[in-house]
Structure formats: C-alpha cells, structure tokens
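The sequence lines fix the lettering, A, B, ..., with proteins before strands; numbering per chain opens at 1. Given the structure is predicted, the values throughout are model-derived calculations rather than measurements.
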2 protein chains.
Amino acid sequence: MTRICRKSRMPHPTCPLSDCMAVIGGAWTPNIIWNLSSGPRRFSELRAVIPLVSAKMLTQRLRELEDRGILIRTVLQGSPPTVEYALTELGQEFMPVIRAISEVGQRLKDRAAALG
Amino acid sequence: MTRICRKSRMPHPTCPLSDCMAVIGGAWTPNIIWNLSSGPRRFSELRAVIPLVSAKMLTQRLRELEDRGILIRTVLQGSPPTVEYALTELGQEFMPVIRAISEVGQRLKDRAAALG
DNA sequence: CAGAATCCTGTTGGATACTG
DNA sequence: CAGTATCCAACAGGATTCTG
C-alpha cells in the first residue's frame with residue numbers, strides 16, 4: 001500500500017498552526033473526525049468506513065482524541081458490548097478545518113481530472 | 001523540545017481528506033505555506049520565521065512542495081547566491097485550509113484562556 | 001547564502017495473536 | 001464486539017560536518 005500521507009513531528013514553539021495540527025495531524029484523525037461529524041459511531045462502524053485502519057491505530061487515535069476532549073466514549077451495556085464515540089462541543093470546533101481540507105482535496109482532484 | 005505534533009502515514013485509498021493531508025501533513029508544511037502566502041521568501045528568511053526548523057528538514061519540505069507543484073524555486077544570480085520560494089497558483093489553493101487551521105488554533109487558545 | 005552528505009536515534013504503525 | 005499485547009521493519013528528523 002502506498003504511503004499517501006506522512007506524519008509530522010513538530011518540535012516547535014506553540015503557535016495556532018501547530019496547536020491545531022497537533023490534533024488533526026495524526027494518521028486517520030481527519031477521517032475519524034469527519035465520520036463522527038454526522039453523529040455518533042461505534043468502533044466497528046468506524047473501522048468499516050475507514051477500511052484500512054488497523055484496530056490498533058484506530059484505538060490509539062480514539063484514545064488521544066478522547067484525552068484531548070475532542071470526543072467522548074460511551075460504553076453501552078449489553079452483550080456483546082458496544083461502544084459509541086461522539087464529537088464533543090470542542091470537537092465540533094474542528095469541523096471548519098476538516099471541511100476545508102475535504103473541499104481543497106476535492107478541488108485538487110477536479111483540477112487533476114481537468115488537466116489530464 | 002516537546003513534540004507538539006505527530007506525523008502520519010496514511011496507507012489509505014485516495015480520498016479528498018487524505019489527498020489534501022498528504023500535502024499539508026508534513027512537519028512544518030503548514031508553516032511554510034503560511035509564510036509564503038504573503039509573498040516570496042528566501043531560504044534563510046524561512047529559517048528565520050520558522051525558528052526551530054533544521055536546514056535539512058526545510059530543504060526536504062521545500063523540495064517536496066516543489067515536486068508537487070505547490071511552490072516554485074527561483075535561483076537569483078549573484079554572490080552569495082539567493083534562492084526564492086513562491087507559492088504557485090496551485091499552492092494558493094491551500095490557503096483556505098491553512099487559514100482554517102490557524103483560525104481554529106487561535107480559537108482553541110482563546111478557549112483555553114477563557115477556561116483558565 | 002543555500003544547501004548536501006552522513007550518522008544515528010526515537011517513533012510510527014502494520015501484522016499477528018489473544019481476551020472479556 | 002471492542003479492544004489489548006507483542007514484535008518488528010521502516011521512516012522521520014536532529015546534530016554535525018562540508019561545499020559551490
């Protein structure tokens with residue numbers, strides 16, 4: 001599988017750009033936030049819509065986002081157990097960025113199609 | 001130095017989100033684009049405004065962005081030689097994202113300040 | 001000035017197997 | 001279902017040194 005995106009370490013003094021990138025810069029993170037924007041999703045649902053993400057990475061990213069207060073994790077009693085993830089109010093703050101990323105990505109695709 | 005942002009590998013089928021993140025996800029990349037948005041900058045100017053970036057990384061990112069057509073590199077004759085980097089028209093397409101990232105980052109900062 | 005080259009370390013993240 | 005644990009290869013990126 002081709003590496004499409006690289007990750008970034010930003011040993012950098014705090015600034016708005018890196019503050020935000022620190023949150024959304026993780027692998028799969030924009031995708032996770034995007035998919036939660038339309039409502040709560042279960043772990044397996046997220047795995048399904050972000051097909052190639054491993055359980056390990058998805059767990060890792062979800063935990064990070066939870067620690068940062070971007071989303072909340074709710075365990076629903078039952079057997080088998082289900083767990084729901086939902087964006088917090090803070091998490092919603094990132095939607096303008098995610099939307100902008102998506103729009104520009106789409107525009108790049110259109111542009112590439114037009115050129116070639 | 002604290003790691004403020006992580007980097008991401010996204011072994012992922014192409015989608016608008018990862019297409020765009022593939023470009024801006026690299027370390028320092030948002031900062032580079034941001035600093036070029038107000039006009040061409042020389043190598044040393046970029047190093048100055050992105051203080052902690054090493055020459056190696058700055059070079060690497062600039063080359064990547066050049067290869068992707070995001071910016072153009074111009075060698076200005078003279079001694080000592082100077083090199084100018086400028087956003088291309090394609091590069092300008094990323095400004096909405098960079099701006100959104102900056103705005104949200106700022107809002108996060110304000111929010112944190114308000115919460116104490 | 002604007003890099004290139006080399007060395008070297010920490011981190012990332014996939015694969016696989018196991019669990020309550 | 002929703003993870004956890006372990007192993008490991010690949011890569012990122014800092015420090016340092018050298019150059020046209």
Query raised in the report: Within less than 4.0 Å of OP1 or OP2 of D:dG3, is there a side-chain N or O belonging to A:Arg63?
Result: yes

Query raised in the report: The side chain of B:Arg42 lies closest to which of these nucleotides: C:dG14, D:dA2, C:dA2?
Result: C:dA2

Report task. Let me know the distance between NZ of B:Lys56 and P of D:dT17, rounded to the nearest Å. Result -> 15 Å

Query - side-chain contact (heavy atoms from CB on, under 4.5 Å), paired with B:Asn31, selected from B:Leu46, B:Ile50, B:Leu36 - result: B:Ile50

Report task. Take atom CZ of A:Arg73 and atom P of D:dA2, then tell me their distance rounded to the nearest Å. Result -> 10 Å

Requested in this report: Kindly calculate the angle separating the two end axes of the helix from C:dC1-D:dG20 to C:dG20-D:dC1, each obtained from five base pairs, and round it to 10 degrees.
Outcome: 60°

Requested in this report: Please determine, for the side chain of B:Trp28, which listed nucleotide (C:dC1, D:dA2, D:dG14) has the closest atom?
Outcome: D:dG14

Query raised in the report: Taking atom C1' of D:dA12 as reference, at what distance in whole Å does atom CE of B:Met57 sit?
Result: 7 Å

Report summary line: To the nearest angstrom, the CD1-C1' distance between B:Ile32 and D:dG13 comes to 14 Å

Report summary line: Between CD of B:Gln77 and C1' of C:dA2 the distance, given in whole Å, is 13 Å

Query raised in the report: Taking A:Ser18 for the side chain and A:Met21 for the main chain, is one N or O donor matched with an acceptor at less than 3.5 Å?
Result: no

Query raised in the report: Please walk me through it: do A:Gln60 and A:Arg63 pass side-chain contact (heavy atoms from CB on, under 4.5 Å)?
Result: CA-CA 5 Å; A:Gln60 200 172 101; A:Arg63 291 281 181 273; 5.9 Å; no

Report task. Select one nucleotide: of D:dC1, C:dG13, C:dG3, the one nearest the side-chain heavy atoms of A:Pro80. Result -> D:dC1

Requested in this report: Just compare D:dG20, D:dG3, C:dG3 and give me whichever is closest to any side-chain atom of B:Pro81.
Outcome: D:dG20

Query raised in the report: In whole Å, what is the span from the CG atom of B:Leu76 to the P atom of C:dA2?
Result: 9 Å

Report summary line: Between CZ of B:Arg47 and P of C:dC1 the distance, given in whole Å, is 10 Å

Query raised in the report: Does C:dG14 have OP1 or OP2 sitting under 4.0 Å from an N or O in the side chain of A:Ser54?
Result: yes

Report task. Measure the distance from CG on A:Leu62 to P on D:dG3 and round it to the nearest whole Å. Result -> 7 Å

Query - Straight-line distance of A:Leu108 CG to A:Glu103 CD, nearest 0.5 Å - result: 12.0 Å

Report task. Kindly say if B:Thr59 contacts the phosphate of C:dG3, meaning a side-chain N or O under 4.0 Å from OP1 or OP2. Result -> no

**Report entry** Residue pair B:Ser37 / B:Ile98, side-chain heavy-atom distance below 4.5 Å
**Finding:** no

Requested in this report: Mark yes or no for whether A:Thr59, through its side chain, and A:Ala55, through its backbone, hold a donor-acceptor pair below 3.5 Å.
Outcome: yes

Requested in this report: Answer whether the closest heavy-atom distance between the side chains of A:Trp34 and A:Ile101 falls below 4.5 Å.
Outcome: no

Report summary line: Against the side chain of A:Ser44, the closest entry in D:dC1, C:dG3, C:dC1 is D:dC1

